[in-house]
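Data first, discussion second: the structure below is written as structure tokens.
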Amino acid sequence: MNFKDAIDQFSGWRKFKVKKQTVRGYDRELRNFCLFLRNPEIENITLNDAMEYLNGMADLGWDRNSFTGKCMALRKFFEFYRLQGYRVIDEELIPIPDREPKLPRVATDDDYNKLVAIIPKKTSDPRHIRNLAIVSLLWDTGARNGEICSLNINDLNLEEKRAIIRTEKAKTRRPFREIFWTEDTNDNLIRWITKREALKKTVTFGEADALFISATSWKVGERFTIKGVGEMLRRYCNKAELPYMNAHSFRHHCGHHIIKAGGSTADVMNILGHASVQSTTIYTMMHGKELESRARLFLSDDWREKVGTKTKAPYPQFQT
């Protein structure tokens with residue numbers, strides 16, 4: 001079987017197993033590899049072919065953390081055909097490099113205010129009206145952008161300012177959870193829903209219940225996508241002269257804000273929809289000025305007096 005036909009068959013099978021976004025991602029990575037090898041028979045692909053492909057990208061400067069998805073796509077593909085009896089390479093031989101730890105990008109209140117200020121308010125353009133609702137909803141809830149994009153009109157309770165969302169991760173443990181938002185965000189949502197109803201008169205919706213839809217281009221009327229949210233945030237950040245902030249920058253801010261306000265790790269876990277405390281700790285890590293101000297709080301005399309641990313005598317001097 002040639003590589004292209006094998007990819008088509010593999011992607012067709014994966015559609016019944018994982019999300020469409022994951023299928024598209026694996027499909028893209030496999031087709032890039034297929035192009036590199038010029039569509040050979042899958043049983044003629046060697047481990048050296050795979051390593052030449054991966055090493056070539058590394059030499060060209062691909063980010064190390066981007067290789068996880070590429071290697072997983074190759075592993076799942078060759079496992080699929082090995083289990084059917086094809087004589088393909090052992091998927092376990094394809095290495096998955098350790099991820100390089102990086103500090104998360106945490107949005108600040110000042111970042112958010114600058115970002116929102118750049119979005120036109122006195123406008124009839126449905127894109128800006130929709131985008132303001134999305135940005136403020138991401139900020140208030142700390143939800144993943146995929147969870148916001150998957151919202152339907154009937155999921156919202158505008159009177160109580162809450163919604164039920166389908167959890168994007170850990171579905172077996174927490175398939176649904178509630179999110180809550182402020183009055184300002186509620187006003188933004190109501191304005192968008194009013195505009196959305198007006199669009200119905202001239203636009204055919206791909207999904208009648210989708211809350212957020214594309215308002216222009218050839219995708220008009222289709223459910224707004226994760227990629228669309230990312231591009232929207234990138235444009236506004238550039239215009240506001242801010243470093244790029246994605247939805248996870250808001251999510252990290254939400255976790256930090258809960259802890260600062262006196263909340264517990266359990267609060268962060270439940271509000272952000274984590275399946276385990278281990279995931280939650282990533283969203284409560286502090287660094288830079290935030291960590292310094294917190295650490296110095298516990299070093300202060302006021303704090304030591306409060307907890308009764310203030311040193312009453314100078315630290316002893318060691319004799320040399």
Side-chain angles (χ1 to χ4, degrees), residues 1-102 144-147 149-150 166-175 206-207 218-219 222-223 225-231 246 248 273-276 278-279 282:
M1 185 186 302
N2 68 51
F3 202 169
K4 178 184 177 300
D5 291 341
I7 294 171
D8 291 339
Q9 188 178 111
F10 173 70
S11 295
W13 172 76
R14 291 283 288 177
K15 287 178 182 178
F16 289 94
K17 186 177 177 67
V18 297
K19 294 189 307 179
K20 290 181 180 179
Q21 182 186 351
T22 303
V23 174
R24 286 196 296 266
Y26 278 21
D27 191 87
R28 181 182 61 253
E29 297 297 350
L30 291 169
R31 291 187 189 281
N32 286 339
F33 187 38
C34 178
L35 181 63
F36 174 76
L37 294 179
R38 297 173 181 261
N39 195 27
E41 295 293 311
I42 59 173
E43 292 187 316
N44 292 336
I45 300 173
T46 67
L47 180 61
N48 285 338
D49 291 330
M51 295 312 301
E52 184 182 355
Y53 175 67
L54 296 171
N55 285 325
M57 287 189 290
D59 291 342
L60 289 171
W62 253 255
D63 183 84
R64 182 181 178 85
N65 291 344
S66 71
F67 282 92
T68 301
K70 302 178 193 304
C71 294
M72 283 304 301
L74 295 178
R75 279 194 170 200
K76 293 296 183 182
F77 174 82
F78 287 115
E79 178 189 37
F80 176 70
Y81 283 102
R82 180 182 59 78
L83 291 174
Q84 294 183 75
Y86 286 86
R87 298 179 63 184
V88 294
I89 60 177
D90 185 343
E91 69 279 359
E92 293 294 330
L93 293 175
I94 298 173
I96 299 178
D98 293 334
R99 292 182 66 85
E100 291 181 348
K102 295 182 178 180
R144 303 172 181 93
N145 55 8
E147 293 169 342
C149 289
S150 70
R166 288 160 287 282
T167 303
E168 194 172 59
K169 295 185 178 180
K171 293 181 180 179
T172 55
R173 300 185 192 179
R174 191 190 295 266
E207 296 180 51
W218 60 276
K219 287 189 175 182
E222 297 296 320
R223 184 183 291 273
T225 64
I226 293 173
K227 183 178 179 181
V229 173
E231 288 301 316
N246 57 20
H248 258 68
H274 294 142
S276 68
Q278 185 177 6
S279 298
I282 299 171

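Since this is a predicted model, take the numbers as computed values, not measurements.
In this structure the side chain of I96 reaches within 4.5 angstrom of the side chain of R75, judged on heavy atoms. Between E29 and F33 the shortest side-chain heavy-atom distance does not fall below 4.5 Å. You'll find the side chain of V88 stays beyond 4.5 Å of the side chain of F77, heavy atoms only. Counting only heavy atoms from C-beta outward, the side chains of I42 and N2 never approach each other to under 4.5 Å. With contacts defined as side-chain heavy-atom distances shorter than 4.5 Å, the pair K17/K76 does not qualify.
Taking CZ of R87 as the reference point, atom CG of N44 lies at 10.5 Å (rounded to 0.5 Å). Of the inter-residue distances, the one linking L37 atom CG with D49 atom CG reads 5.0 Å to the nearest 0.5 angstrom. Separation of atoms CG (L83) and CD (E91) is listed at 7.0 Å; rounding is to 0.5 Å. One distance of note links CD of Q84 with CD of E79; it measures 11.0 Å at 0.5 Å rounding. Atom CD in E41 sits 9.0 Å away from atom CG in D5 (nearest 0.5 Å). One distance of note links OH of Y86 with CZ of F78; it measures 13.5 Å at 0.5 Å rounding.
L47 approaches L93 most closely through the heavy-atom pair CD1-O, 3.8 Å. Residues Y81 and A6 share a closest heavy-atom pair of OH-O, 2.6 Å. Contact detail for C149 and V229: the closest heavy-atom pair is SG-CG2, 3.5 Å. A pairwise comparison of heavy atoms in T22 and R14 identifies CG2-NH2, 4.2 Å as the closest pair. Taking each heavy atom of C71 and P95 in turn, the nearest pair found is SG-O, 3.0 Å. The shortest heavy-atom contact between S66 and W62 is OG-CD1, 3.5 Å.
In this structure a side-chain-to-backbone donor-acceptor pair under 3.5 Å is missing from N39 to C34. Of the possible donor and acceptor atoms, none in the side chain of D27 sits under 3.5 Å from a partner among the backbone N and O of V23.
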List the steps and the verdict of side-chain contact (heavy atoms from CB on, under 4.5 Å) for I89 and I94. CA-CA 9 Å; I89 60 177; I94 298 173; 4.2 Å; yes
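Not counting sequence neighbours, the partners of D8 by the salt bridge (Lys or Arg N to Asp or Glu O under 4.0 Å) test are K4, R31. In this structure, D98 has no salt bridge (Lys or Arg N to Asp or Glu O under 4.0 Å) partners at least two apart in sequence or on a different chain.
Taking the six-membered ring for Trp and thresholds of 30 and 60 degrees, F10 and Y26 have nearly parallel ring planes, at less than 30 degrees apart.
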